[in-house]
Amino acid sequence: MKKPFTRSFALTLLAILSFAGIGRPQSGITITDLRHDSMTTLVTPQKVAPFGKTIFVISRKVGPFTPLQRAKSTEQRLLDIAEDPLFNADSLKLYRSDISIDLYYKDLFLMAITEQDAAAENISQDSLAVTRLRSVSHAVIDYRKVQMGKNLVRDILFAGAVLLILMILTWLVNWLFRFINRRILSWEGDLLEKLHIQKSELFNKPRQISFLKMLNKVFRFVLLILLIILALFLMFYILPWTKGFTIGFLRYFLSPISDFVKSIYHFLPNLIIIIVFIFIARLVIKFFRFLKREVESSTFKIPGFYPDWAVPTFNIIRLIIWAFTLIVIWPYLPGSDSKVFQGVSVFVGILFSITSASSLSNIMAGFSLTYTRAFRMGDRVRIGEITGDVVEKTMLVTKLQTIKNEVVTIPNSKIMGGEVVNYSTMAGESGLILYTSITIGYDAPWKTVHELLIRAAERTTGILKDPKPFVLQTSLDDSYVSYQINAFTDDPWRMIVIYSDLHQNIQDSFNEAGVEIMSPGYHAVRDGNTTTIPPSFRSKDYQPGSFRVGK
């Protein structure tokens with residue numbers, strides 16, 4: 001009687017509680033508790049056997065991953081590390097995390113050992129982690145030994161085949177390059193021609209033959225070295241005990257090449273930008289070069305701009321364009337933002353500023369000389385005490401060729417600090433005036449002296465007839481009068497020779513007229529002395545005067 005009563009009471013109580021909403025989840029959501037060991041035992045344990053032999057068993061879930069999923073992923077990772085030619089058991093490491101101890105090979109995650117895994121094995125988590133590390137290490141090492149033994153004969157045969165192919169290719173390369181060498185020797189009289197630069201023979205036939213033979217030897221040597229290196233790589237890669245070393249060396253050898261190719265690939269967008277800016281700069285420079293040629297040849301005239309300014313102005317514009325282009329493309333250059341690149345740039349800038357102070361002053365002086373048109377190429381000038389023709393003008397120096405055929409180099413800054421006499425500027429327009437002075441005694445009429453000086457000038461080759469020569473009396477001294485003959489010439493490059501001829505003709509004119517050319521040495525005594533006129537110009541009855549003695 002008690003059981004029906006008890007059952008009825010329980011059903012009644014359950015109905016009341018259900019009606020009141022007690023004892024069931026809100027909103028119809030059910031939460032199942034899997035934290036108890038009784039629930040985790042519901043999954044099926046899975047063996048981890050990547051090499052055909054069970055290494056260990058996984059019987060617990062980790063989050064949403066079942067033992068089957070954990071086992072399969074672990075097997076795949078173990079197969080991957082077993083195929084690594086450079087496998088080293090010392091690279092297996094254990095790392096503790098918040099909820100597990102993780103097993104890694106180098107940077108590759110292999111598995112996680114949780115507290116539930118340790119509880120299933122009935123040992124501590126640390127002991128289980130160490131045990132599984134050792135199991136993995138022994139299993140991979142045993143598998144690699146078995147695989148190496150199975151493939152040893154095959155690998156040796158493959159290595160022998162590679163060596164045989166190398167020998168055959170070496171013979172073929174030697175035969176090919178000997179054939180090419182014979183062909184080169186047969187070209188001497190047919191295909192090869194002498195190479196000239198103007199009148200200089202740059203590359204005659206024997207030199208061409210020697211050069212081609214040298215190239216043939218170099219290419220043969222390089223090709224043989226490449227074949228040997230390739231064969232050695234293949235042989236070492238095939239043999240199991242050297243495969244790891246070969247792959248490591250190949251990675252070490254190819255790593256810089258790979259980095260270089262990657263750098264080039266990432267640099268391509270910047271390279272395109274740099275090429276575009278350089279292309280635009282070259283187009284602008286070509287335009288200004290065309291404009292320079294037109295101005296230089298006076299085909300295109302700019303008011304106030306002289307043709308001889310065209311070249312230096314073009315050089316300045318070109319320098320500015322390239323400097324601006326360099327500034328624009330600087331951020332796109334590889335390594336421009338590195339500390340080393342910046343340090344080198346600062347060092348070069350400081351070195352340039354220290355060493356180029358005098359050069360900059362000469363350059364600025366060169367610009368000033370160009371645009372002030374102090375002289376041009378070929379002008380006869382006097383700079384300081386040096387007279388000569390301008391044979392070279394640069395931004396730093398000016399070179400003069402003197403009448404003694406000497407080439408004198410003068411810094412432009414020194415020229416700007418002194419005076420420049422240009423004999424050629426006006427010579428082609430109104431003529432250059434050459435002048436020289438003589439002293440004649442008061443006893444000679446000044447009109448006669450003028451006539452004699454003008455006659456001497458007209459006899460001189462290089463003196464212009466129009467405008468006519470003229471005489472200036474520059475001073476009246478105690479014992480003589482100073483006369484200056486001025487004559488025009490349009491050939492300043494012969495002025496030294498013209499001066500010499502003019503002096504000769506002055507002497508002849510005065511001697512013919514019987515007029516003495518006085519100097520300060522003759523003003524003291526004249527009575528009783530023979531005249532300074534040469535005997536060939538004296539009259540036949542000439543007698544020296546006697547001394548006059550007064551009371």
Side-chain angles (χ1 to χ4, degrees), residues 85-86 148 151-272 274-276 278-279 281-283 285-286 289 322 333-335:
L86 300 177
M148 185 180 298
N151 301 327
L152 183 59
V153 176
R154 182 197 65 185
D155 295 341
I156 292 176
L157 290 176
F158 281 162
V162 170
L163 184 60
L164 179 62
I165 293 172
L166 173 64
M167 295 173 62
I168 294 173
L169 290 177
T170 302
W171 181 84
L172 288 175
V173 168
N174 287 328
W175 177 85
L176 175 63
F177 280 92
R178 283 196 297 269
F179 173 77
I180 294 174
N181 194 62
R182 290 194 298 270
R183 293 295 298 171
I184 290 173
L185 293 175
S186 67
W187 291 345
E188 184 172 4
D190 301 328
L191 299 179
L192 300 180
E193 298 292 339
K194 296 179 181 180
L195 300 179
H196 296 272
I197 294 181
Q198 296 180 359
K199 296 182 179 180
S200 301
E201 186 177 296
L202 180 64
F203 216 34
N204 56 25
K205 291 182 179 180
R207 289 178 182 174
Q208 294 179 58
I209 293 291
S210 299
F211 178 72
L212 292 175
K213 289 171 65 177
M214 181 195 68
L215 284 182
N216 188 48
K217 290 181 180 179
V218 170
F219 285 136
R220 171 178 169 272
F221 177 77
V222 171
L223 186 56
L224 288 176
I225 292 296
L226 291 177
L227 287 175
I228 292 172
I229 292 175
L230 179 61
L232 290 177
F233 268 118
L234 291 175
M235 290 174 60
F236 289 152
Y237 183 79
I238 291 171
L239 298 175
W241 53 83
T242 57
K243 184 175 182 179
F245 167 77
T246 305
I247 293 178
F249 183 78
L250 189 62
R251 289 175 181 172
Y252 178 80
F253 179 75
L254 294 179
S255 179
I257 299 177
S258 175
D259 294 340
F260 177 75
V261 173
K262 290 179 180 177
S263 300
I264 293 296
Y265 174 76
H266 292 299
F267 177 64
L268 282 178
N270 290 345
L271 180 61
I272 294 174
I274 291 173
I275 291 174
V276 169
I278 292 177
F279 177 74
R282 289 179 62 86
L283 283 180
I285 289 174
K286 282 185 177 180
R289 181 178 285 111
W322 281 124
L333 294 176

Atom [atom1] in [X], atom [atom2] in [Y]: separation rounded to 0.5 Å?
| X | Y | atom1 | atom2 | value |
| --- | --- | --- | --- | --- |
| L172 | I165 | CG | CD1 | 11.5 Å |
| I180 | F219 | CD1 | CZ | 10.0 Å |
| L176 | W171 | CG | CH2 | 10.5 Å |
| L169 | I228 | CG | CD1 | 11.0 Å |
| L215 | S210 | CG | OG | 11.0 Å |

Taking N270 for its side chain and L333 for its backbone only, find out whether a donor-acceptor pair lies under 3.5 Å. no
Side chain to side chain contact (heavy atoms under 4.5 Å, CB included) partners for [X], two or more places apart:
| X | result |
| --- | --- |
| L224 | T170, V173, N174, R220 |
| F179 | R182, R183 |
| K213 | N181, I184, L185, I209 |
| I264 | F260 |

Decide if atom CZ of F221 counts as having more than 12 heavy atoms of other residues, nucleotides or ligands within a radius under 6.0 Å. no
For A231 and L166, the nearest pair of non-hydrogen atoms, with its separation, is CB-CD2, 3.7 Å
Hey, are the side chains of F267 and I272 touching, using non-hydrogen atoms and a 4.5 Å cut-off? no
So N216 and L212, do their side chains get closer than 4.5 Å, heavy atoms only? no
Does the side-chain contact (heavy atoms from CB on, under 4.5 Å) test come out yes or no for F279 and I274, once each step is laid out? CA-CA 8 Å; F279 177 74; I274 291 173; over 6 Å; no
